[in-house]
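Accompanying notes for the structure given below.
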Amino acid sequence: MAPAAQISHLAVLTSGGDAPGMNAATRAVVRTALGEGVQVSVIHEGFLGLVDGGPAIQPATSASVGGILHRGGTWIGTARSEAFRTRDGRRRAAANLAGRGIDALVVIGGDGSLTGANLLCTEWPGLIDELVAEGGLAPDDPATSSTLRLVGIVGSIDNDMFGTDMTVGADTALHRITEAVDALRSTASSHQRSFVIEVMGRNCGYLALMSAIATGANWVFIPEHPPQVDDWEDALKRTVEASRRMRRRQNLVIVAEGARDKYGEPITTEHVRRVLAEGLGEDTRSTILGHVQRGGAPSAFDRNLGTQCGYHAVQQLLHGDHEEPQLIGLRENRIQTSPLMAAVERTQAVAELLERREFDEAMALRGGSFAESWETMKALVRARPKRASQTAPALRLGVLHAGGPAPGMNTAVRAVVRIAMDRGHTVVGVRGGYRGLIDGDLEELGWLTVNGWGQQGGAEIGTSRDVLSDDDLRAISGTVRREQLDGLLVIGGYVGYAGAHRIHGARHRFEALGLPVVCLPATINNDVPGTELAVGADTALNSIVTDVDKIKQSAVASHRAFVVEVMGRDSGYLALNAGLATGAERVYTPEEGITLDGLRDDVARLNDAFAHGQRLGLLIRSEGADAVYTTPFLWALFEKEGGGRFDVRQSILGHVQQGGNPTPFDRIQSTRLAARCVAFLIEQATNGQQRSVMSGLQAGRVSFTPIVELPTLMSDEARRPVEQRWFGRLRPIADAMEGLGRP
Ligand code: ADP
């Protein structure tokens with residue numbers, strides 16, 4: 001490892017198109033730098049401010065980046081700058097930086113901005129020499145660095161950048177699109193109308209494809225994968241006609257703004273609308289979503305992605321091994337560093353491939369999960385089930401929920417039914433969790449039964465928290481035999497996993513239980529093993545974040561601290577992530593527990609902060625953080641010990657956290673996992689195999705872990721997995737962001 005780089009003054013700017021989550025990244029850069037003892041400035045209006053200098057470049061304090069986390073756009077402004085494209089402009093920029101002793105830059109923007117910033121770094125020594133020669137800089141000024149260090153963070157709603165699986169802003173844009181399409185769906189459905197919706201994405205179909213999966217659209221046009229046939233209009237018409245015949249009431253077609261046919265000719269929204277309106281005589285409307293996709297409060301994911309990237313950007317500058325400019329991004333569900341310009345060049349290469357109509361190559365560069373999503377989408381949009389194949393016998397697959405309700409459960413069932421039927425199999429829904437399997441309460445789920453389930457929260461087939469006894473296993477074996485089930489999918493949380501483990505273990509006693517069982521993680525607590533993420537947690541997190549934003553707003557004029565209790569049982573996932581996303585001063589988790597010494601310290605720090613002008617405090621407590629130091633206890637403690645300097649309110653958010661429609665992220669992950677789980681069950685059952693597994697998302701990929709490993713993967717002391725990598729990754733960042741006692 002290289003010795004820590006000497007950086008004396010760091011600056012951060014946002015540039016190019018604004019993106020939600022840029023504020024989180026800016027705040028994290030400022031607070032991390034200050035925590036490391038490095039001076040930090042913010043540059044307003046992007047490269048424009050950098051070239052202009054003067055008041056555009058301001059020293060930052062921890063307090064100056066308070067209260068911006070929940071805001072959309074970028075608080076420090078962004079602008080396009082023609083001057084910065086010229087060497088003269090960049091010389092002025094260099095003078096403004098060197099004149100202040102700034103020797104490191106974090107740029108948050110798109111590929112254009114990162115290219116420009118890289119150029120400034122490359123030219124830096126020459127520019128400094130020129131400035132010295134002109135007399136603008138003193139040659140021996142110790143503040144003038146011979147190099148300018150640079151780290152880039154991609155802020156862009158398009159998710160079009162290499163070197164990161166998600167750009168800061170893309171998830172929020174998906175939220176906006178999904179909200180809009182959900183709203184259009186209900187009106188389209190009422191009037192039996194078709195809607196054609198245009199979403200952003202000139203060279204990248206990410207938003208279009210993912211929003212199509214998340215909203216259950218019938219068709220999607222993306223730049224990377226043009227229709228393979230000349231008469232795609234005809235194929236589209238036939239699909240929509242077939243879907244009407246299936247009594248589907250609404251048709252939704254999503255078009256990326258850069259969609260094209262296989263000859264590279266644009267496929268416009270208006271053209272698609274005309275095809276449907278004139279070709280089918282359908283009442284068809286089109287909507288171009290435009291700039292609403294950029295706007296609004298950032299999602300929990302974007303706040304936390306921005307925060308993590310900002311934190312790691314500073315860490316990279318101060319402690320990283322690399323001299324050359326780096327990009328901070330999310331890959332394989334980890335924050336990672338890669339050479340900046342290589343990422344920019346590969347991003348631009350995709351655009352060139354599209355220009356040259358080398359679509360397969362462009363698709364390949366997008367990476368595995370994009371292509372996988374495309375295949376899933378294709379299976380889901382088929383308007384009707386395929387005929388059962390003549391050769392393979394049709395299977396009967398059971399599906400049930402177990403554990404608390406998690407948004408995204410219905411989404412998974414819809415995908416399971418459609419994908420299994422598409423392959424000629426039958427899906428049997430078990431009502432009310434394992435109880436339905438014990439009592440024999442099952443029903444076949446049809447193609448249209450699950451219409452609209454992709455967007456709905458709750459659990460249509462019901463769920464329960466049954467813990468299975470020996471008698472239950474006997475009854476379940478009877479049901480499996482009677483119903484001739486060939487495989488079982490359990491969508492839920494820990495009790496679902498425990499039940500699956502028992503069923504698997506009982507296969508030697510009950511012959512019928514020798515069937516493959518797959519668990520799909522769906523619990524807002526994110527506390528099951530074999531996965532880094534469970535379906536439902538993102539929705540719960542966003543629900544908490546929305547509520548806490550409101551709670552904070554309610555206290556604008558007062559000196560008040562809030563103790564907010566969130567769910568999670570023995571897992572602090574929701575609490576820690578919510579704390580990061582809402583800017584909590586302190587987060588109490590079951591992993592760490594609560595101690596009297598810790599509380600004493602918190603009382604002192606809160607008192608001190610309010611004494612020094614803080615107006616609002618936020619403490620988030622996970623429901624299982626401690627059995628004795630409860631939320632009312634914390635309230636009483638802070639209220640008494642605050643000594644009139646501030647008052648304290650408590651808020652236990654409760655069951656709203658399990659409700660609501662699933663977020664796009666939960667819909668997409670749920671669909672993706674369901675598709676793979678069905679494929680797994682079909683493969684096992686068709687080949688007479690009976691592996692039972694826990695499916696999951698690990699390092700960004702779908703994984704299967706044998707169910708027999710369940711006991712060893714769970715902690716002995718508490719009901720949570722032994723391994724919770726997110727905790728070690730997020731805790732130091734939460735600590736660095738916590739505002740208590742900061743200057
Ligand atoms: P984005 O960063 O979102 O891709 P732009 O492409 O508009 O947005 O770039 C934002 C700004 O970055 C431009 O206004 C310009 O100042 C600077 N910039 C972009 N490309 C270059 C370049 N090749 N050389 C120098 N500066 C550039």
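Note that the numbering runs from 1 along the sequence shown for the chain. All ligand and atom numbering here is 1-based and tracks the order in the structure.
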What atoms in ligand 1 come closer than 4.0 Å to a heavy atom of [X]?
X: Asp111; result: 4 (O)
X: Ser15; result: 10 (C), 11 (C)
X: Gly17; result: 3 (O)
X: Arg80; result: 5 (P), 7 (O), 8 (O), 14 (O)
X: Gly110; result: 1 (P), 2 (O), 3 (O), 4 (O)

Over 12 foreign heavy atoms within 6.0 Å of CD, Glu355: no
Heavy atoms from other residues, nucleotides or ligands near CZ of Arg202 exceed 12 (cutoff 6.0 Å): no
Distance from [atom] to nearest protein heavy atom, with residue and atom:
atom: atom 8 (O) of ligand 1; result: Gly16 CA, 3.5 Å
atom: atom 27 (C) of ligand 1; result: Gly116 CA, 3.7 Å
atom: atom 10 (C) of ligand 1; result: Ser113 OG, 3.5 Å
atom: atom 23 (N) of ligand 1; result: Thr115 CG2, 3.7 Å
atom: atom 20 (N) of ligand 1; result: Gly112 O, 3.2 Å
atom: atom 13 (C) of ligand 1; result: Arg85 NH2, 3.7 Å

Residues Arg334, Glu532: salt bridge by 4.0 Å N-O rule: yes
Salt-bridge contact Glu134-Arg91 (side-chain N to carboxylate O under 4.0 Å): yes
Steps toward side-chain contact (heavy atoms from CB on, under 4.5 Å) verdict (Met22, Thr78): CA-CA 10 Å; Met22 280 180 160; Thr78 174; 5.7 Å; no
Results of salt bridge (charged side-chain N to carboxylate O under 4.0 Å, His left out) for Glu345 - residues two or more places apart only: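 Counting only residues at least two positions away or on another chain, Glu345 forms no salt bridge (charged side-chain N to carboxylate O under 4.0 Å, His left out).
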From Gly89, Ser81, Ser156 - option closest to atom 15 (C) of ligand 1 by heavy atom: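 Going through Gly89, Ser81, Ser156 one by one, Ser81 has the nearest heavy atom to atom 15 (C) of ligand 1.
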Part of Leu119 within contact of ligand 1 (heavy atoms, under 4.0 Å):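 Side chain only.
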Evaluation steps, side-chain hydrogen bond (donor to acceptor under 3.5 Å, both in side chains), between Thr663 and Asn542: CA-CA 8 Å; Thr663 55; Asn542 277 286; 4.8 Å; no
Polar side-chain atom of Glu224 near backbone of Gly205 as donor-acceptor pair, under 3.5 Å: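 Checking the backbone N and O of Gly205 against the side chain of Glu224, a donor-acceptor pair under 3.5 Å is found.
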Aromatic centroids of Trp232 and His271 separated by under 6.0 Å: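 That pair passes the under 6.0 Å test.
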